[in-house]
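To keep things clear, I will list the structure first and then write my remarks on it.
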2 protein chains.
Amino acid sequence: MPPELIAVLIAVSDDRPMVLTLDGGRLLPSGPLEAGHRSLQTGLRLWVEHQTGHALGHVEQLYTFADAPVDGGPDERRVMISYLALTRIRRGERGWRGWYEYFPWEDQTAPEGRDLVVRIAGLLEGWAGRAPSAARQEARRQRVALTFGLEGLGWDDELVLQRYELLWEAGLVPESAPPGEAVLPGMGMARDERRVLATAMARLRAKIRYRPVIYELMPDSFTLLHLQRTVEAVAGQPMHKQNFRRLVAQQGLIEETGEVAPDTRGRPARLFRFRREVIGARRIAGSKLPLARAV
Amino acid sequence: MPPELIAVLIAVSDDRPMVLTLDGGRLLPSGPLEAGHRSLQTGLRLWVEHQTGHALGHVEQLYTFADAPVDGGPDERRVMISYLALTRIRRGERGWRGWYEYFPWEDQTAPEGRDLVVRIAGLLEGWAGRAPSAARQEARRQRVALTFGLEGLGWDDELVLQRYELLWEAGLVPESAPPGEAVLPGMGMARDERRVLATAMARLRAKIRYRPVIYELMPDSFTLLHLQRTVEAVAGQPMHKQNFRRLVAQQGLIEETGEVAPDTRGRPARLFRFRREVIGARRIAGSKLPLARAV
DNA sequence: ACCTTTATACTCATGTTGAGCATAATAGGG
DNA sequence: CCCTATTATGCTCAACATGAGTATAAAGGT
């Protein structure tokens, strides 16, 4: 069985990060590496275009997964090479879903997300208490606190995969819960797809801190607030407005278009565009996140 | 053809980063994923142990490579899933080689490495001038300057792979040079192994900045200078001594053993040990590098 | 005693970051 | 036309981090 190529396409629409799915949101675009494919990336592009009609721009390899072998099953097991692609939604495209539909607890900009983490903390405390020994219980509690930023440790937006795997182990997600047991809100996916999505989210959240990839998710011109809302949507965390502007300004990666945003409430905002020329011409420090404390 | 698992084992000995090789330094430990392997990592461990006798500790997946399909060749091509492992050299083990034997220009702590970059800059200027159009020439020059830190841009120690691939394109390494043509110093390896090694070096150099992985390369007790020399050896860059100590001290990741180093010249240095307990108990900021300017 | 060598403690200027205050410019209601 | 709500934008401040350098301590060798 040849390795499978699987893609996570991300776009941001109306300040919501979206992922392109198939089969009613249960699958990601994917297909086997074939002899005719000139490279892994070529194969991926062909499959994605064939299945979704969406042409890929820049893609980045994420991780290679293998599922566990089945006793008495086929000799070979599925190997999945996953990729992340940043793009924009084209008119009329279907299959795009908000990524927080799959991971509601990852949205710490909204009160619902924060409340959900409080609820999860309670459930995981129960799980920790069910460990066989006192030492194990303590280890579980420490892991929970670190992963979900409890006890004053602070929320780390990059721990998407770790949080999902912890909830998986605790039987709180549909993929692992005993039948009939209550599970957390959040859509499940087929096979390992939700792990792949979690990996993509974590990578993107990490990457916007040190590479200006956020602009691949923006339209040609945008206001500073729009840019900030996009970063907040991806990071799942609120930011300090003035400091965000200061940072963006001193990076010198954008320039004014000279126009102002139409149909605005309040004072009209100037429009900016990304200066594509600077990519490659300069060492890019990226876009550190002036994160406000999660109120 | 099942995917192949390939490992880059790194250790530091006598302030030199070393890599475990086979076949006189031309190969890295590797082997195909088999039906009996419980996971990718398990398979990797078995192959490495079988081929080198070295048991693996913590490993990290690096990247998945595929070679180009050959016209008229077999239907399937080699897929390599690569891993990085940090370890220590055990007594009597053979096959360890200094990684700067393969990439001499990556050692910017020594004058030889810095001189070599000056020479490379000249050769690449010639290569840039041979581009077909003025625009292409300029693009090449920009890429060279950025990748090798010319024109005041500063050396970026994490661009190991980019530098190797540029030299490959320019035909300056044995893997790509026309037969009989002069090439740069630095041992070649079989197949794609040198690219895998470059990927591992880049990842490790990046990682020591934000995770305390350097301690996996240290003996149980060490002096601060020994620690600094190890970081410098990995990063290939000199650092400011006092600031390095300040950083290490305020991280609180190490503690005094109470003893001092034997057989020292000058004032004897206190010995320290890594506090394993803090891993997992705390969010680790890692070990930023107080890099001195490359004199 | 003095010199070389390494260890270690401080100082200082500059830059970065988190937080907040103040003011500007628009629309819409009274 | 004034007032208010709303968003945009400019500016200050304290705390902390960082790069660089000076000064002093403790050993061995001649």
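Just so we're clear, the structure is a prediction, and the values are computed from it rather than from any experiment. Letters A, B, ... are given to chains in the order of the sequence lines, protein chains preceding strands, and every chain is numbered from 1.
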Does [X] contact [N] through a side-chain donor or acceptor facing the base, at a distance under 3.5 Å?
X        : N      : answer
A:Arg267 : C:dA24 : yes
A:Arg246 : C:dG18 : yes
B:Gln242 : D:dT22 : yes

Spacing between [X] atom [atom1] and [N] atom [atom2], to the nearest angstrom:
X        : N      : atom1 : atom2 : answer
A:Gln237 : C:dG18 : CD    : P     : 11 Å
A:Arg245 : C:dT16 : CZ    : P     : 20 Å
B:Leu227 : C:dT8  : CG    : P     : 13 Å
B:Leu271 : C:dT6  : CG    : C1'   : 14 Å
B:Leu247 : D:dC16 : CG    : C1'   : 13 Å
B:Gln250 : C:dC10 : CD    : P     : 15 Å
A:Leu225 : C:dA24 : CG    : P     : 21 Å
B:Gln228 : C:dA7  : CD    : C1'   : 12 Å

[X] bridged to [Y] by N-O distance under 4.0 Å:
X        : Y        : answer
B:Arg273 : B:Glu256 : no
B:Glu60  : B:Arg203 : yes
A:Arg163 : A:Glu106 : yes
B:Asp157 : B:Arg209 : yes
B:Glu158 : B:Lys207 : no

- Task: Considering just the side-chain nitrogens and oxygens of B:Lys241, establish if one lies under 4.0 Å of OP1 or OP2 belonging to C:dA7.
- Result: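 Yes, within the criterion.
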- Query: OP1, OP2 of D:dG28 versus side-chain N and O of B:Arg265: anything below 4.0 Å?
  - Reply: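 For D:dG28, neither OP1 nor OP2 has a side-chain N or O of B:Arg265 closer than 4.0 Å.
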- Using the closest heavy atom to pick a nucleotide of DNA chain C for each, name whichever of B:Arg270 or B:Gly266 lands nearer the 5' end. B:Gly266
